[in-house]
Structure formats: structure tokens, C-alpha cells
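Note sheet for the following structure.
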Amino acid sequence: MGNLKYKKYDKGLSNKMTYHKVKQKINDDISHFYKNLESSIKNGEKGTRKVLLAGPQGTGKSSIIQEIIQNERFLKTHSIIIATTIEAMSKHCSNLTRYSLPSIVILEDCETQFGQRQEGTAVLNFLSGPTEPKNAGGTYMFFTTNHPDQLSDRIKHRPERIDEIFIVDALDEADALEVTKMYFGQFLPKKFDWESLRGLFKNYTGAEIMKVAQDVKKEADYRLHDFSKVTKK
């Protein structure tokens, strides 16, 4: 009926470590936003920052966000909402204006809300217009999409509607090796030669590496009956 129900955030929602070169850029962007919030409000801005995480499925967009919002500095001070509709986001942001409460807002698969057929006046005005709620406490908004080509150009190419686009693509060599250690380390011996796998999963996604690890574990358990016998081959 137009109301939101708030509850204590479940810290056990996700505890997965993410490895991707873009994660530090996002953390730096959040820090810069809140550090300069007071001055931006004085300059007439609304106290909002909207970023888009775009990339293929399985590259870790959701995991990066989950890891960020579980940082103690956000859990203790911010109102965190994981929205499913633009209407819920709008209602929440209106609530924030009453209390100047810092908040992180997340809307995944935003192409369903920001597609070329959904770019109505109400959506555009909420993102950057007369109906955009102002929050002196600072509202940082995450949008994600697997299909940036489906987003309206009037949204993704307009500052204040989308302020920054972070591309979350396949892993480079260094990050791929860290993800390999995370998934294969669950069953391989502690003294396994990880350097022998360097470069093997370059340009893979985290989800693809996880699938390979699951397959290797199943095959090794079935054929070798001993994970210490697993080699690069």
C-alpha cells in the first residue's frame, strides 16, 4: 500500500571475498562521495550518487556490492535497502529526506526499470529532476545490469542520472589466480603449487572458475579418491 517495511540487515547474507580490479575504484568512489558531501550540498546538489555496474553474467557485480555493504562502517551508520522496483527506491529516498540519514540503495537488473520503453517522465525526474529527493546524509545508489545495451541512452549517458559506469568484466591474470585459490583451496592440499595455475583462467569469470573447481572436485573424488594427486593437467 505504498509503505516500506524495514528490518535488521542479515550479515550472513553473503561472506564471499571478491577479487576484481574494479572493486578498489568503487570503494574509492564511495569514500570520495561522502568526504565531499557537505560541500556538494552547499553547491546545490541533491546529496546523491548513482553508479552502474555493468558486465556479463557471473563477473561478480552482486558479490562486490554485498562485500562493500557488509563493511562495519556502513552497517553501523547507513540504512541499506535492496530494492526490486524503482517505486520502492523512490519511496525510500523520500523517507531519507526527513532524517538526513546516510543510505546505500541497490537495484539489480536495472534494465527492467531503465529500458527504452520504461524511460518515462516519472523515472527521469526521480533520477535527475524536480522530484529527485534530497538527502543531506548522502544516498549512494548501485544499479547493476548484464545488458547495458538495453538501457536507455537518456539515462546511461546523462550525468546525475548515472554518474559513473564501472565495467565488471572477465578477470585479469592476478585476480583470476586469487579466485582460483579461493575455490580450489577448499579441497586441494595446502602445499599445492598455485603458481602452476597462473594464467590458466585468465579472462574467465568468477562463476566460470567456480564451475571448473566443482567439476575437478567431483572427478578427482571419483577417479583418484585423493585430492593430493590433483595436478594442473
* I81, Y99: one ILVMFWY side-chain cluster at the under-4.5 Å cut-off? -> no

Could you state whether V168 and I104 fall into the same hydrophobic cluster, counting links through intermediate Ile, Leu, Val, Met, Phe, Trp or Tyr residues with side-chain heavy atoms under 4.5 angstrom apart? yes

[X] atom [atom1], neighbour heavy-atom count above 12 within 6.0 Å:
X    : atom1 : answer
R73  : CZ    : yes
Y222 : OH    : no
Q57  : CD    : no

Looking only at heavy atoms, what is the nearest atom pair of [X] and [Y], with distance?
X    : Y    : value
C93  : M141 : SG-CE, 3.6 Å
Y140 : I26  : OH-O, 4.2 Å
V105 : M89  : CG1-CE, 3.4 Å
C110 : L151 : SG-CD2, 4.0 Å
S103 : Y34  : O-OH, 3.2 Å
P133 : T97  : CB-CG2, 3.6 Å

Rounded at 0.5 Å granularity, tell me how far [atom1] in [X] sits from [atom2] in [Y].
X    : Y    : atom1 : atom2 : result
H92  : Y6   : NE2   : OH    : 5.0 Å
F33  : T48  : CZ    : OG1   : 6.5 Å
E111 : L52  : CD    : CG    : 9.5 Å
R198 : E173 : CZ    : CD    : 5.0 Å
H20  : Q24  : NE2   : CD    : 13.5 Å
F166 : I64  : CZ    : CD1   : 10.0 Å

Step by step, would you call L75 with I80 a side-chain contact (heavy atoms from CB on, under 4.5 Å)?
-> CA-CA 8 Å; L75 288 177; I80 300 169; 4.0 Å; yes

Sidechain N-carboxylate O distance under 4.0 Å for [X], [Y]:
X    : Y   : answer
E164 : R49 : yes
K42  : E38 : yes
D169 : K21 : yes

Applying side-chain contact (heavy atoms from CB on, under 4.5 Å) to K91 and N95, what does each step give before you reach the verdict? CA-CA 6 Å; K91 179 65 177 177; N95 289 344; 4.1 Å; yes

- Query: With a 3.5 Å cut-off and no angle check, do the side chains of H32 and D28 form a donor-acceptor pair?
  - Reply: no

Does some side-chain heavy atom of [Y] sit less than 4.5 Å from a side-chain heavy atom of [X]?
X    : Y    : value
F192 : F227 : no
L200 : T180 : no
V179 : F201 : no
L171 : I209 : yes
L188 : K181 : no
Y19  : L177 : no

Expected output: side-chain [X] to main-chain [Y] donor-acceptor under 3.5 Å:
X    : Y    : value
Y204 : A176 : no
S94  : S90  : yes
T144 : D109 : yes
S40  : E45  : no
E67  : T18  : yes
K61  : G55  : yes

Q: Give the ring-plane orientation class for H78 versus F74, where under 30° counts as parallel, over 60° as perpendicular and anything between as tilted.
A: perpendicular

Take I106 and I69, measure what side-chain contact (heavy atoms from CB on, under 4.5 Å) needs, and give me the verdict at the end. CA-CA 10 Å; I106 302 150; I69 63 177; 3.9 Å; yes

Here the salt bridge (charged side-chain N to carboxylate O under 4.0 Å, His left out) pairs for residues 209-218, sequence neighbours left out, are K211-D215

Report task. Would you check, one step at a time, whether the test side-chain contact (heavy atoms from CB on, under 4.5 Å) holds for F142 with I68? Result -> CA-CA 11 Å; F142 282 107; I68 288 173; 4.3 Å; yes

